[in-house]
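Residue numbers start from 1 in every chain, and the chains themselves are labelled A, B, ... in the order their sequence lines are given, proteins ahead of strands.
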Number of protein chains: 2
Amino acid sequence: MTNRTQFEREREREGETTLSTLLRRGEMFDTNCPGREILKHLTSRWGVLVLIALLEDDHRFSDLRRKIGGVSEKMLSQTLQTLEADGFVKRFSHPVVPPRVDYSLTPIGREAAMKVREFADWIEINIGRIMNGKRVAEA
Amino acid sequence: MTNRTQFEREREREGETTLSTLLRRGEMFDTNCPGREILKHLTSRWGVLVLIALLEDDHRFSDLRRKIGGVSEKMLSQTLQTLEADGFVKRFSHPVVPPRVDYSLTPIGREAAMKVREFADWIEINIGRIMNGKRVAEA
DNA sequence: CAGTATCCTCATTGATACTG
DNA sequence: CAGTATCAATGAGGATACTG
């Protein structure tokens with residue numbers, strides 16, 4: 001019994017490939033490409049914020065909720081569940097009452113979060129140039 | 001008359017900052033944070049594909065449509081317009097009939113596209129580890 | 001505290017048809 | 001060829017109320 005997809009088996013046969021090489025070969029347009037889903041989760045509205053917050057420190061649910069202003073309990077919960085299912089976030093529920101749950105990054109989650117932050121930082125560092133280019137482009 | 005936002009004026013007063021420093025200071029949760037929009041455009045479903053395709057070479061509309069299988073004319077058009085408005089993509093309409101329009105990356109668009117590809121590549125390179133972690137997490 | 005459940009709204013996407 | 005217009009379907013996201 002295997003959970004490996006057709007996609008994965010093909011990758012193994014062909015050796016390590018990247019999104020860009022897949023694109024060059026025209027294979028990555030498969031909607032089932034798992035990387036697209038991961039990218040979506042990692043760059044989702046609240047996913048970015050959760051990852052960057054957890055990169056600084058572990059947080060419990062209500063800490064994240066306070067830190068990430070504007071997020072509803074529903075969306076925070078949903079985002080955390082998705083990232084946990086992807087293996088990026090680890091959830092630890094302390095067996096106490098009242099409930100206390102801590103969220104932290106897994107090793108790969110930390111790597112992913114650093115990539116996300118790197119990308120987000122690039123945008124922030126260049127936001128001036130970008131906004132400037134927008135005005136020129138519109139003129 | 002100015003198009004500068006409150007956000008931009010604050011940034012200027014405070015010097016260069018990054019998303020992560022903004023997060024630490026709790027400022028980036030502003031829904032009006034322009035960086036969030038840019039991130040969204042850059043990592044959008046078709047935006048990623050368009051940027052990577054244009055990183056290889058300039059393309060005309062129908063070439064992109066063929067290359068990026070599964071994209072509708074509407075979504076391709078919309079994606080290109082958004083990226084053009086952001087100043088990442090340059091549109092050149094040849095004054096001929098039948099129409100011919102070429103799309104290319106601007107200098108900053110090229111930088112952005114390389115960042116996007118770098119991120120996408122990280123995911124593809126690590127997709128094996130990620131999928132493996134998922135199974136463990138689910139068990 | 002740390003969520004779930006339900007309902008609802010509106011933005012995104014897609015299919016189809018049409019145009020300069 | 002390179003799009004736009006229109007409408008239908010889908011889904012993300014939010015408000016509120018409730019629970020272990």
Side-chain angles (χ1 to χ4, degrees), chain A residues 29-33 36-51 53-54 57-86 89-104 137, chain B residues 29-34 36-50 53-54 57-86 89-104 137:
Chain A
F29 301 110
D30 186 352
T31 307
N32 298 330
C33 170
R36 297 252 11 129
E37 273 304 293
I38 301 298
L39 178 68
K40 195 170 158 188
H41 299 166
L42 254 21
T43 63
S44 71
R45 177 160 186 199
W46 305 115
V48 174
L49 270 18
V50 165
L51 291 167
L54 291 182
D57 213 340
D58 297 354
H59 286 75
R60 50 194 299 189
F61 189 84
S62 49
D63 289 339
L64 281 172
R65 182 141 164 51
R66 261 185 299 278
K67 183 147 200 163
I68 304 175
V71 67
S72 64
E73 293 182 349
K74 174 185 164 184
M75 291 314 298
L76 179 56
S77 173
Q78 196 173 103
T79 300
L80 286 167
Q81 282 177 26
T82 300
L83 293 175
E84 191 196 357
D86 287 341
V89 163
K90 186 167 171 297
R91 178 181 186 277
F92 182 71
S93 175
H94 297 265
V96 298
V97 34
R100 179 196 171 108
V101 179
D102 283 322
Y103 291 92
S104 58
Chain B
F29 301 108
D30 184 352
T31 307
N32 299 330
C33 171
R36 294 244 20 121
E37 272 306 292
I38 301 298
L39 179 67
K40 193 170 158 188
H41 299 167
L42 253 23
T43 63
S44 70
R45 177 161 188 198
W46 306 115
V48 174
L49 271 16
V50 166
L54 292 181
D57 213 340
D58 297 355
H59 286 75
R60 49 193 302 188
F61 189 84
S62 49
D63 289 339
L64 281 173
R65 181 139 163 56
R66 261 184 299 278
K67 183 148 201 161
I68 304 176
V71 66
S72 65
E73 293 182 348
K74 176 185 164 186
M75 290 314 297
L76 180 56
S77 171
Q78 199 173 101
T79 301
L80 286 166
Q81 282 177 26
T82 301
L83 293 176
E84 191 196 358
D86 287 340
V89 162
K90 186 166 170 296
R91 177 182 187 277
F92 182 72
S93 176
H94 297 264
V96 298
V97 36
R100 178 195 172 110
V101 179
D102 282 322
Y103 290 93
S104 58

Asker: On DNA chain C, reading 5' to 3', which nucleotide is the first and which the last to sit with an atom under 4.0 Å from a heavy atom of chain B, could you check?
Answerer: C:dT12 to C:dG20

Asker: Students often get this wrong, so: under 4.0 angstrom with heavy atoms, is B:Ser72 touching a base, only sugar-phosphate, or nothing?
Answerer: nothing

Asker: Closest heavy-atom contact between B:Trp46 and B:Ile68?
Answerer: CE3-CG2, 3.7 Å

Asker: Closest heavy-atom contact between B:Arg65 and B:Val71?
Answerer: NH1-O, 2.6 Å

Asker: Take B:Arg60 and B:Val101 through the test side chain to side chain contact (heavy atoms under 4.5 Å, CB included) and record every step on the way to the result.
Answerer: CA-CA 5 Å; B:Arg60 49 193 302 188; B:Val101 179; 5.8 Å; no

Asker: Which part of the nucleic acid does B:Arg60 contact within heavy-atom distance under 4.0 Å: base, sugar-phosphate only, or nothing?
Answerer: sugar-phosphate

Asker: From CG of A:Leu80 over to P of D:dG13, roughly how many Å is that when rounded to an integer?
Answerer: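 One finds 14 Å between P of D:dG13 and CG of A:Leu80, rounded.
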
Asker: Could you state the CE-P distance from A:Met75 to D:dA12, rounded to the nearest angstrom?
Answerer: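 Whole-Å distance recorded here is 8 Å.
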
Asker: Which dot-bracket notation, 5' to 3', represents the base pairing of DNA chain D when pairs are defined as Watson-Crick or G-U with both distances under 3.5 Å, crossing pairs as [ ], and inter-strand pairs as |?
Answerer: ||||||||||||||||||||

Asker: Quickly work out the A:Lys74 NZ to D:dA15 P distance and round it to whole Å.
Answerer: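 Checked: the NZ to P distance equals 11 Å.
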
Asker: Could you say whether B:Gln81 or A:Gln78 is positioned toward the 5' end of DNA chain D, judged by the nucleotide with the nearest heavy atom to each?
Answerer: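 Taking each residue's closest nucleotide, the earlier one in sequence belongs to B:Gln81.
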
Asker: When you measure from the side-chain N and O atoms of A:Arg45 to the phosphate of D:dG14, is any distance below 4.0 Å, counting only OP1 and OP2?
Answerer: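 Yes.
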
Asker: Give the rounded distance in Å between these two atoms: NE2 of A:His41 and P of D:dG13.
Answerer: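 Rounded to the whole Å, the gap is 11 Å.
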
Asker: Minimum heavy-atom separation for B:Asp57 to B:His59, with atom names?
Answerer: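 Closest approach of B:Asp57 to B:His59, heavy atoms only: O-ND1, 2.7 Å.
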
Asker: For A:Glu73 and B:Ser44, find the nucleotide of DNA chain C closest to each by heavy atoms; which residue's nucleotide sits nearer the 5' end?
Answerer: A:Glu73

Asker: Taking all atoms of both residues into account, what is the closest heavy-atom pair of B:Leu54 and B:Tyr103, and its distance?
Answerer: CD2-O, 3.4 Å

Asker: Return yes if some donor-acceptor pair links the side-chain N/O of A:Arg36 with the main-chain N/O of B:Arg45 below 3.5 Å, else return no.
Answerer: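 Answer holds: yes.
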
Asker: Does the A:Thr43 side chain pair with the main chain of A:Leu39, one donor and one acceptor, at a distance under 3.5 Å?
Answerer: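 Yes, because the side chain of A:Thr43 sits within donor-acceptor range (under 3.5 Å) of the backbone of A:Leu39.
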
Asker: Reading DNA chain C from 5' onward, which residue's closest nucleotide shows up sooner: B:Val71 or A:Asp102?
Answerer: A:Asp102

Asker: Please report the C-alpha distance between A:Asp58 and A:Phe92 in whole Å, then the side-chain angles of each, then the deciding distance to 0.1 Å, and finally whether the side chain to side chain contact (heavy atoms under 4.5 Å, CB included) criterion is met.
Answerer: CA-CA 11 Å; A:Asp58 297 354; A:Phe92 182 71; over 6 Å; no

Asker: Between A:Leu80 and A:Leu64, does the side chain to side chain contact (heavy atoms under 4.5 Å, CB included) criterion hold? Intermediate values first, please.
Answerer: CA-CA 10 Å; A:Leu80 286 167; A:Leu64 281 172; 4.0 Å; yes

